[in-house]
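Sequence lines set the chain letters: A, B, ... in the order given, protein chains first and strands last, and positions in each chain run from 1. Values below: all heavy atoms of this structure, side chains included; hydrogens, waters and symmetry mates excluded.
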Amino acid sequence: MSRTVQVGDEAVALAARASARPGEYTVSLGERHLHVTVRVAGDGSLLVTRDDGRTFAASVSRDGTALWITAGGGTARVREAVGGRGGGSSADGGGLEAPMPGKVLRITCAPGEAVTKGQTLVIVEAMKMEHAVKAPRDGVVAEVRCKEGVLVGTGEPLIVLTEPDLPDHPSPVVAKEPTP
Amino acid sequence: MSRTVQVGDEAVALAARASARPGEYTVSLGERHLHVTVRVAGDGSLLVTRDDGRTFAASVSRDGTALWITAGGGTARVREAVGGRGGGSSADGGGLEAPMPGKVLRITCAPGEAVTKGQTLVIVEAMKMEHAVKAPRDGVVAEVRCKEGVLVGTGEPLIVLTEPDLPDHPSPVVAKEPTP
Amino acid sequence: MTGVPVRPIAKVLVANRGEIAIRVIEACAARGIATVAVYSEADATAAHVRAADEAVLIGPAAANESYLVTARVLDAARRTGADAIHPGYGFLSENAEFAEAVSAAGMTWIGPDAFAIRAMGTKIAARERMMAAGVPVVPGTHAAGQDLDALAAAAAEVGFPLLVKASAGGGGKGMRAVHGEAELRPALEAARREALGAFGDGALYLERLLLKPRHIEVQVFGDRHGNVVHFGERECSIQRRHQKVVEEAPSPGVDAALRARMGAAAVAAAKAVDYVGAGTVEFMLDASGEFFFLEMNTRLQVEHPVTEAVYGVDLVGLQLAVAMGAPLPMTQADIAPRGHAIEVRLYAEDPAKGFLPATGTLLRYRPSRAPGIRHDGGYIEGDAVAVHYDPMLAKLIAWGEDRQHAIGRLVRALDDWEVHGVITNLPFLLAVARHPEYRAGNLHTGFIPEHFPDGLPEPIPGEDALIAAALADAMGLGAGAGAPTGAERGAGGDPSAPWHLLGPWRGCA
Amino acid sequence: MTGVPVRPIAKVLVANRGEIAIRVIEACAARGIATVAVYSEADATAAHVRAADEAVLIGPAAANESYLVTARVLDAARRTGADAIHPGYGFLSENAEFAEAVSAAGMTWIGPDAFAIRAMGTKIAARERMMAAGVPVVPGTHAAGQDLDALAAAAAEVGFPLLVKASAGGGGKGMRAVHGEAELRPALEAARREALGAFGDGALYLERLLLKPRHIEVQVFGDRHGNVVHFGERECSIQRRHQKVVEEAPSPGVDAALRARMGAAAVAAAKAVDYVGAGTVEFMLDASGEFFFLEMNTRLQVEHPVTEAVYGVDLVGLQLAVAMGAPLPMTQADIAPRGHAIEVRLYAEDPAKGFLPATGTLLRYRPSRAPGIRHDGGYIEGDAVAVHYDPMLAKLIAWGEDRQHAIGRLVRALDDWEVHGVITNLPFLLAVARHPEYRAGNLHTGFIPEHFPDGLPEPIPGEDALIAAALADAMGLGAGAGAPTGAERGAGGDPSAPWHLLGPWRGCA
């Protein structure tokens with residue numbers, strides 16, 4: 001079993017193979033290979049002893065695409081490498097997705113309306129905080145994909161904006177994480 | 001699914017039946033029937049609302065024969081009713097079982113030896129505490145079932161004692177809870 | 001003592017949720033007072049519901065349909081026979097009408113009288129009342145005339161540095177910082193031009209400019225017998241967009257003499273509105289050591305635990321006692337700080353993305369249990385964090401013999417805190433606690449924008465974390481997967497069995 | 001100050017396990033000192049191993065093959081480059097040879113010098129040394145002569161009530177309690193007859209009889225500069241067969257004047273052996289207010305947290321500072337108690353079966369997190385409790401503004417403490433805390449035998465527990481079974497989904 005994860009700007013392939021001796025594993029981090037001994041504690045956390053004799057404690061949880069790992073002070077999310085999808089930050093989409101899970105408080109544009117860069121199109125609220133979703137460029141509102149008062153998840157499309165001169169080629173923003 | 005449990009001196013049959021409405025159950029405690037509404041919290045604990053509107057929180061764990069239940073302040077072990085086995089306290093067996101999990105420190109009798117009531121036969125140690133297993137009556141040691149230095153569980157037979165006049169009918173003590 | 005009737009409290013309804021509801025419930029429980037929780041549909045299994053003796057559903061998730069609906073809260077109190085209501089902070093805690101309605105319903109309101117809530121509720125009115133009571137406010141003046149000479153005379157009165165503001169203004173337009181006499185006239189002229197252009201009104205207003213001010217607040221407490229004491233100050237300068245993040249007591253910028261002066265000012269402020277119960281007077285303290293009234297919070301404060309740790313007092317218990325009519329059991333002379341305490345607030349927010357709120361399920365949630373660490377939380381492992389309420393999940397308070405000891409304990413506790421499943425500001429809290437300027441006590445309200453202008457990037461998994469990730473996959477560990485937890489093993493296996501040695505027969509499930 | 005060299009400590013090996021090892025590790029970590037744990041094969045995944053920076057396996061489960069083997073502990077320290085050893089309590093903590101070996105190996109021993117350990121190690125020698133130092137010991141005398149007149153004269157010196165004991169004796173033979181002059185001669189005669197019959201030796205010894213004595217101990221602290229201070233007393237009267245169960249500070253039987261007198265006696269005792277570091281002088285306090293030296297424990301005491309809570313001090317931190325050669329940072333005048341603290345010890349033992357030890361796996365283990373509650377534990381949920389070591393699983397310490405408040409918080413915390421899978425004395429602790437004589441502060445060393453002669457029967461499940469049991473079976477809840485925990489649900493489900501409503505489609509799995 002192997003998983004390729006994002007480490008800063010790099011993608012690193014992870015794998016571990018059990019050795020014949022109980023509790024011993026060979027771990028591969030990309031091209032590097034390490035030998036470790038593992039003890040599992042009562043709460044499911046690990047005590048891992050490395051080649052140099054140093055032992056560290058680690059706990060692991062798992063959700064959809066990430067592992068949450070606390071190891072040696074500090075927790076990190078270990079996520080699948082984004083690979084071919086090219087980073088996929090919401091900056092590309094132009095901010096027309098929900099920036100956070102929340103409730104659509106107000107929609108301040110209408111289908112067919114010409115809007116200018118920086119104009120507020122939707123206001124989303126979560127945890128007592130409001131966030132304005134603004135037009136990333138001049139354009140025309142092709143579609144309003146949300147409703148006032150409705151809960152949306154991070155990355156859910158709210159507005160479809162077309163280029164002002166290309167009304168026939170909408171650029172919808174696809175939800176990347178359809179979780180609320 | 002039903003379970004008969006020990007409540008003080010009584011055996012009480014427990015059962016619960018889901019109603020058509022989500023989260024609602026009919027609970028039977030012996031001959032009594034109650035209607036309750038149940039919510040399950042994120043950690044698997046329960047919030048149970050009774051007919052009179054009172055709600056209590058409960059957490060449940062399960063081991064071999066018992067449920068461990070914390071409900072409304074205080075934890076109780078809810079155990080299978082001993083039923084036909086008649087209470088089964090170790091007093092019946094005469095104290096020849098290990099009274100607690102521990103290590104056999106010393107065996108102070110030998111097979112064939114005649115022993116008198118109150119004589120120490122085995123010393124068991126656990127958690128820095130020594131406990132002497134004594135002869136419950138006069139008799140002859142028919143069998144030594146343990147070894148010095150070995151770990152034993154609560155209720156494990158240590159010594160088989162026969163009546164002095166009935167050497168052919170040993171009265172072994174059967175382990176009730178073969179857990180260490 | 002002075003004829004104040006004693007009104008025992010037998011059952012308190014807590015009109016709040018999350019950590020503060022639990023805090024109040026625990027205080028009541030330790031005194032044998034029964035508790036009633038209220039909850040919205042989103043909170044049906046929340047920790048505060050589990051902690052209370054009784055719980056009443058008061059509406060759907062939206063706070064303005066549940067926790068903010070006075071009629072529903074009052075109805076829940078009536079139905080359960082509660083004889084007092086504790087509002088916590090936020091929600092209805094500074095709602096004077098609600099305070100009146102509680103009293104009108106024959107129940108005890110655990111808080112100040114509606115009069116005091118109202119008196120401190122409007123900033124401008126409160127400022128004027130404080131000036132009348134001799135409490136220092138930020139010096140500022142509308143000049144008698146608006147010609148440059150009159151403004152220059154007014155400036156001399158206010159003192160430098162000062163801020164020139166457009167009277168009609170807002171949004172920074174017509175605003176100029178002036179650090180000395182020489183800069184004054186050009187600044188006044190420029191400000192007037194801008195103000196005229198922006199608002200069509202060139203009237204200017206002068207206010208003292210506070211340089212790197214500290215946010216210092218004083219905990220006050222009044223009873224119904226006319227006594228008011230203070231429990232020293234808290235420093236809350238580490239804030240982001242007026243949301244406090246790290247608080248401590250005592251302030252590294254306040255010595256005993258200044259504490260006495262600020263305490264006296266805070267007591268004067270409280271007495272000016274006949275204050276009863278727990279309240280907080282907020283000040284700005286400038287680099288020169290002058291302090292100025294900002295506002296008064298007429299309720300228990302989120303950060304009250306640092307005061308409790310340093311002054312050895314249970315402020316919620318004191319609220320209950322005072323609400324029952326008891327006199328304060330101490331005088332000012334009895335009150336002295338001991339050691340140092342720091343509170344951090346764990347928010348479900350992403351420091352790498354402009355601190356946007358985050359949600360999820362707390363797959364693993366294990367706060368430190370080390371000595372000197374207090375954890376006031378509203379969630380436990382397994383709980384879902386949803387979008388409906390405040391993003392604060394918990395507060396962690398570290399007490400130490402001195403400030404460095406408290407910081408040492410705090411850093412260790414933050415390091416140990418396992419929070420999986422929800423993105424939080426935990427790495428950011430660690431970065432603040434480890435920052436040399438924080439350790440040096442160089443705090444001011446611009447600390448976060450100055451030292452963390454871009455928040456904090458997401459932590460990059462270290463090598464140990466990657467090893468654990470590889471092993472977790474190979475061994476099938478993590479939520480719901482193959483690891484034999486203690487629970488699954490069942491009780492009483494062979495105590496010497498090598499459960500800690502996992503061979504291939506357990507891996508790759 | 002007086003030429004004592006400063007020896008910084010960078011890495012501490014903790015020669016212990018369980019809660020005290022964790023306590024020491026946390027104290028080091030908060031001060032930036034690295035830590036090394038040692039562990040036996042039975043403790044390969046124990047909590048203290050997880051808490052330390054490094055860990056070294058030192059042998060099999062049996063303590064005399066691991067934790068008690070000085071050579072293995074020293075070797076682990078050498079291999080990891082530790083420059084100091086903290087022994088905790090028990091195990092090697094009062095082993096003078098070990099203390100010497102640590103110093104001889106060039107490491108810092110965090111404890112008193114071997115001389116002090118030895119001086120207090122033998123009861124009779126310690127008693128004589130204390131008498132020489134003017135510390136009161138239980139008055140008693142070998143009469144100059146053994147005729148009845150000489151004994152009667154000696155009795156007048158000792159005072160009534162007194163105990164007549166056979167000099168050669170033991171086991172109660174030849175022992176007689178005498179409450180006044182009139183009873184003396186018949187008692188002497190009877191005792192002599194018994195003594196002659198039992199031991200062939202009629203010599204008698206007289207000792208003051210303490211009536212319902214309290215066990216009071218004083219926390220002392222010395223540095224290498226000749227300073228010794230005390231941090232008041234702890235009352236530890238609630239004990240069972242000399243095993244302490246409940247401790248508190250201050251004692252309800254000690255006022256400020258008595259505290260000063262006992263403190264001075266304890267300081268004199270410590271100074272008599274040039275004591276350095278944390279030590280405890282134990283006294284018996286009789287109903288008349290007289291107190292008598294019992295013994296001195298030359299180490300950190302299990303119950304030290306109640307002193308920490310009341311005096312606002314980190315005793316382990318102070319041990320580290322003093323071991324490095326620093327002078328005590330306070331004088332006696334700086335030391336004052338605040339509030340009240342109670343500690344209870346959670347033992348894996350069955351109060352319904354003569355307190356026999358119990359083992360198992362902690363299927364669920366959730367101590368309270370309420371304000372004022374400290375939990376020092378050696379186990380976490382999922383851990384196995386085996387037969388090898390002390391049955392104490394954890395200590396819970398409740399601090400309150402006064403004794404009643406501390407009791408209130410304690411009772412609440414005990415009520416909330418979920419411990420499944422291992423039988424413990426938790427119900428017994430609750431019964432003690434709720435006992436009217438305990439609440440009244442009427443404590444003496446016979447408290448448990450007097451009020452709980454038969455221990456405590458196993459709790460009978462109440463109706464709510466039975467309802468929960470029936471539901472758990474029907475819904476498949478409990479360890480490993482069907483209940484959807486937060487973890488299993490995974491992160492980020494629909495936050496409004498009615499997970500709290502379980503229909504039949506989830507039941508009866």
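Closest approach of Arg345(C) to Asn425(C), counting heavy atoms only: O-ND2, 3.1 Å.
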Step by step, work out the side chain to side chain contact (heavy atoms under 4.5 Å, CB included) result for Arg3(B) and Glu80(B). CA-CA 7 Å; Arg3(B) 163 189 300 245; Glu80(B) 301 276 6; 4.1 Å; yes
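Not counting sequence neighbours, the partners of Glu19(C) by the side-chain hydrogen bond (donor to acceptor under 3.5 Å, both in side chains) test are Tyr89(C), Lys395(C).
Residues of residues 57-80 of chain C placed with any heavy atom under 4.5 Å of a heavy atom in chain B are absent; none qualify.
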Would you be so kind as to tabulate the donor-acceptor pairs closer than 3.5 Å made by side chains of residues 44-51 of chain B, with sequence neighbours excluded?
from     : atom 1 : to        : atom 2 : distance (Å)
Ser45(B) : OG     : Asp43(B)  : OD1    : 2.7
Thr49(B) : OG1    : Thr55(B)  : OG1    : 2.9
Arg50(B) : NH1    : Glu463(D) : OE1    : 3.0
Arg50(B) : NH1    : Asp464(D) : OD1    : 2.9
Arg50(B) : NH2    : Glu463(D) : OE1    : 2.4
Asp51(B) : OD2    : His35(B)  : N      : 3.4

Pair up each side-chain donor or acceptor in residues 117-125 of chain B with any protein partner under 3.5 Å, not counting sequence neighbours, and list the distances.
from      : atom 1 : to        : atom 2 : distance (Å)
Gln119(B) : OE1    : Thr116(B) : N      : 3.1
Gln119(B) : NE2    : Glu113(B) : OE2    : 3.4

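Looking at Glu54(C), there are no atoms closer than 4.5 Å to chain B (heavy atoms on both sides), in backbone or side chain.
Shown here is Arg106(B), whose CZ atom has no more than 12 heavy atoms of other residues, nucleotides or ligands within 6.0 Å.
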